[in-house]
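What follows is a set of notes on a single structure, which appears directly below.
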Amino acid sequence: MNPTPQQLIEWDKHYVWHAFTQMASYDPLIIESAEGCELIDLDGRRLIDGVSSMWCNVHGHRHPVIDAAIVAQMGKVAHVTNLGCSNSTTIRLAKRLADLTPGDLDHVFFCSDGASALEVAIKLAFQYWHQCDNPQPGKTKYIGFEDAYHGDTIGTISVGGVDKFNSVFKPLMFPVHRLPIPDRRTPSLETSCEHHLQILEDTLAEHHESIAAVVIEPLVLGAAGMIVQPHGYLRGVRELTRKYNVLLIADEVAVGLGRTGTMFGCQQEEVVPDILCLGKGLTGGYLPMSAAIASTEIWNAYLGDFSEAKQLCHGHTFGGNPLSAAAALATLDLFDQEETLAGSPAKIERIAGHLQTLANHPHVGDVRQYGMIAAVELVKDRTTGEPFPWTERHGHQVCQYALNHGLWIRPLGNVLVIMPPLAISLEQIDTICQVISDGIDFVTRNKADGNE
Ligand SMILES: *Cc1c(COP(=O)(O)O)cnc(C)c1O
């Protein structure tokens, strides 16, 4: 017997431990199916997927090309290990990624989650300094950034900087030089960028002999609330890491796969990192797959006679899974077939237009955007910038309103995120922004009425 909807709700609340969720007050939203850029819940209610199912869907749900690619792969084999073994689909994907990524980022280590790709990148950089032509085994430390997010494993929370999630785990984390990152909101962009590059340079000048790598979310700090870096910062970071002989790890788990308007975020500033990490959108948001893509310089340091034990001793059971690889190949095919990136500028502009209007709202403190990534920050008082108390959950309240008006979005505190699939239509963008605008009105007016 199939469970009733009521049973599913009860079971969901009791048996499923949801990520980043207070289970004592969890209110289930149960999705039964999806179509294009819409999710359909148990009651048949349609919701626009306004945050791409946590920033990963690219071409829409149940895209016939991706569905067919996965089904075709199932007709061959669903899984083979990549420990000393391979399959044709995963090989084709690696070649495709090597061709697509800039520079000589040609060597693809596959994992299943964004965090595990970052873990690989962190280890690759560390061991590299033991084995490269001019070994510097003293390079054992990392530079990371305040508020950066790279995943939730011990290594990634160490290099990340979201203290409010992780303070309890401090004793488990390794120490990292954590630097401030420039934010476009600061008054003078020029000075802000230069100032922050100077901080980085000061740190590198003093500590470069002990630093293995800089780990950065290029262009936009995602989980921090879509904080956009000023133009030229990433380029500056690349130049400084080269100058001081430190590796650069670019975490493109959120910004990769077309989100910023180019296939990879680093391309916006013509930067080639030493290791590029992809995740989320790599399979179009269909199946778990991530990758740490390394330069030839790094790859070469790991080559040698078996007895030298230079190989990377790291692996994930499902790394390079053929079903995921088939979804990823189809996702990349669709970028060509549907000219996805050529379609983005009109959508980016449409979002920008709506943001301009939203920026005038008395309870909107800031709007920000980079390509198809946008955010609206709610504040109590826009003249002073005073935030709403986080316990009042204004962001969450607007999202609840949205849910009742055909839109699913998930906030970052009091920051509303707009990050739909790249396949979203202009009309759907209009709807998303209208519902958000109405939701902010509704929530803040209720509050204002209560207060006055
Ligand atoms: C989501 C995210 C990760 C972590 O990916 P998971 O698949 O959730 O482990 C890492 N870095 C960035 C920038 C992300 O947005």
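All values derive from a computational prediction rather than experimental measurement. Atoms within each ligand, like the ligands themselves, are counted from 1 in listed order.
Legend: residues meeting ring pair (Phe, Tyr, Trp, His ring centres under 6.0 Å) with His396, ordered by chain and number and at least two apart, are absent. With sequence neighbours excluded, the residues satisfying ring pair (Phe, Tyr, Trp, His ring centres under 6.0 Å) with His59 are Phe335. Residues that satisfy the side-chain hydrogen bond (donor to acceptor under 3.5 Å, both in side chains) test with Glu217, not counting sequence neighbours, are absent from this structure.
A salt bridge links Glu38 with Arg46: the closest approach of a Lys/Arg side-chain nitrogen to an acidic carboxylate oxygen falls below 4.0 angstrom.
Taking the six-membered ring where the residue is Trp, the centroids of Phe318 and His79 are separated by under 6.0 Å. Here His363 and Phe388 bring their ring centres to under 6.0 angstrom of each other.
Near ligand 1, Trp55, Asp113, Gly114, Ala115, Tyr149, His150, Gly151, Glu217, Asp251, Val253, Ala254, Lys280 each place a heavy atom less than 4.0 angstrom from the ligand.
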